[in-house]
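Note that the numbering runs from 1 along the sequence shown for the chain. Small disclaimer: the values here were computed from a predicted structure and weren't measured.
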Amino acid sequence: QVQLVESGGGLVQPGGSLKLSCAVSGFAFNSYNIVWFRQAPGKEREGVSCIGSSGSVTNYESSVMARFTISRDNANQKVYLQMNTLRPEDTGVYYCAAARESIRGCRLWSRDMLYWGEGTLVTVSS
């Protein structure tokens with residue numbers, strides 16, 4: 001069965017770093033874009049970063065640009081999100097999701113996603 005399992009969330013102080021992992025199985029991973037989303041309490045889900053099927057194309061939401069780095073290891077079917085210089089507003093449940101590769105590129109659109117993980121909580125607080 002299709003599975004996307006996030007890990008690596010936790011409590012971190014502002015300015016700190018955290019690395020999230022997404023382990024994928026049950027579908028043709030190398031033909032899918034992987035996108036990280038997050039959702040803060042009381043707010044709508046937003047796209048954070050996307051990585052193309054080969055790893056050569058990446059995309060970032062403006063507020064995380066230069067602070068977060070997305071990467072993937074196709075041999076091990078894992079995607080990572082390295083988060084640096086974390087801010088309280090980065091707090092939320094982080095989800096990884098999969099979309100079929102497309103000529104439209106690597107988009108941060110929830111409606112493109114075929115599969116979702118259950119999320120991992122990131123809390124940035126003093």
Side-chain angles (χ1 to χ4, degrees):
Q1 69 276 22
V2 171
Q3 286 189 298
L4 291 86
V5 181
E6 303 93 338
S7 62
L11 175 64
V12 63
Q13 292 186 331
S17 297
L18 210 58
K19 188 174 184 177
L20 306 182
S21 298
C22 176
V24 173
S25 62
F27 64 96
F29 176 72
N30 292 358
S31 298
Y32 282 74
N33 299 337
I34 304 296
V35 185
W36 285 98
F37 295 85
R38 67 187 179 191
Q39 187 168 26
K43 299 183 67 177
E44 294 185 350
R45 184 171 53 205
E46 65 174 352
V48 176
S49 185
C50 178
I51 188 163
S53 59
S54 71
S56 62
V57 175
T58 59
N59 190 20
Y60 297 92
E61 194 273 329
S62 60
S63 71
V64 309
M65 197 175 303
R67 298 189 298 119
F68 291 12
T69 302
I70 191 169
S71 61
R72 68 191 292 163
D73 180 351
N74 282 2
N76 291 302
Q77 299 198 163
K78 288 186 176 181
V79 176
Y80 305 97
L81 186 67
Q82 177 67 52
M83 305 185 294
N84 299 325
T85 320
L86 284 161
R87 305 166 180 169
E89 52 263 42
D90 294 319
T91 293
V93 177
Y94 282 68
Y95 304 88
C96 61
R100 294 177 66 179
E101 58 186 358
S102 171
I103 60 173
R104 294 180 176 87
C106 204
R107 305 186 298 189
L108 305 176
W109 293 7
S110 294
R111 294 184 183 272
D112 287 344
M113 305 300 110
L114 275 67
Y115 310 118
W116 291 85
E118 294 186 351
T120 185
L121 177 63
V122 172
T123 302
V124 185
S125 176
S126 298

Tell me which donor-acceptor pairs under 3.5 Å the side chains of residues 4-14 have, and how far apart each pair is, sequence neighbours excluded?
residue	atom	partner	partner atom	Å
Glu6	OE1	Glu118	N	3.2
Glu6	OE1	Gly119	N	2.9
Glu6	OE2	Cys96	N	2.9
Glu6	OE2	Gly119	N	3.2

In Å and rounded to the nearest 0.5 Å, what is the [atom1] to [atom2] distance from [X] to [Y]?
X: Glu44; Y: Gln39; atom1: CD; atom2: CD; value: 8.5 Å
X: Cys106; Y: Ile34; atom1: SG; atom2: CD1; value: 9.0 Å
X: Leu81; Y: Leu18; atom1: CG; atom2: CG; value: 9.0 Å
X: Met83; Y: Trp36; atom1: CE; atom2: CH2; value: 8.0 Å
X: Leu86; Y: Phe68; atom1: CG; atom2: CZ; value: 5.0 Å
X: Asn33; Y: Arg72; atom1: CG; atom2: CZ; value: 7.0 Å

### Query
Would Tyr32 and Leu114 count as a side-chain contact (heavy atoms from CB on, under 4.5 Å) if you check the C-alpha gap in whole Å, the side-chain angles of each, and the deciding distance to 0.1 Å?
CA-CA 10 Å; Tyr32 282 74; Leu114 275 67; 4.1 Å; yes
Could you tell me which non-hydrogen atom of [X] sits nearest to which non-hydrogen atom of [Y], and how far apart they are?
X: Ile70; Y: Tyr60; answer: N-OH, 2.9 Å
X: Ser17; Y: Gln82; answer: CB-NE2, 4.0 Å
X: Asn59; Y: Arg107; answer: ND2-CA, 4.4 Å
X: Phe29; Y: Asp73; answer: CE2-O, 4.1 Å

So if you build clusters from Ile, Leu, Val, Met, Phe, Trp, Tyr with side-chain heavy-atom gaps below 4.5 Å, do [X] and [Y] land together?
X: Val35; Y: Val48; value: no
X: Met113; Y: Leu20; value: no
X: Leu108; Y: Val122; value: no

### Message
Could you check whether any side-chain N or O of Thr91 sits under 3.5 Å from a backbone N or O of Val124, counting only pairs where one atom can act as donor and the other as acceptor?
### Response
yes
### Message
Tell me whether Gln77 contacts the main-chain N or O of Val24 through its side chain, where contact means a donor paired with an acceptor under 3.5 Å.
### Response
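At least one qualifying donor-acceptor pair exists.
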### Task
State which residues pass ring pair (Phe, Tyr, Trp, His ring centres under 6.0 Å) with Trp116; sequence neighbours excluded, sorted by chain then number.
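So Trp116 forms a ring pair (Phe, Tyr, Trp, His ring centres under 6.0 Å) with Phe37.
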### Query
salt bridge (Lys or Arg N to Asp or Glu O under 4.0 Å) with Arg100: which residues, sequence neighbours excluded?
none
### Message
I need the single residue from Asp90, Asn84, Thr85 that forms a side-chain hydrogen bond (donor to acceptor under 3.5 Å, both in side chains) with Arg67. Which is it?
### Response
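That would be Asp90; it is the only one of Asp90, Asn84, Thr85 passing the side-chain hydrogen bond (donor to acceptor under 3.5 Å, both in side chains) with Arg67.
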### Query
Quick one: side chain to side chain donor-acceptor pair (under 3.5 Å) partners of Ser31, sequence neighbours excluded?
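Listed in chain order: nothing, the list is empty.
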Show me, pair by pair, the donor-acceptor contacts under 3.5 angstrom made by side chains of residues 50-57, not counting sequence neighbours?
residue	atom	partner	partner atom	Å
Ser53	OG	Glu101	OE1	2.5
Ser54	OG	Ser56	N	3.4
Ser54	OG	Ser56	OG	2.9

### Task
Using the test side-chain contact (heavy atoms from CB on, under 4.5 Å), find all partners of Ser63 that sit at least two apart in sequence or belong to another chain.
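For Ser63 the side-chain contact (heavy atoms from CB on, under 4.5 Å) partners, ignoring immediate neighbours, are Arg38, Glu61.
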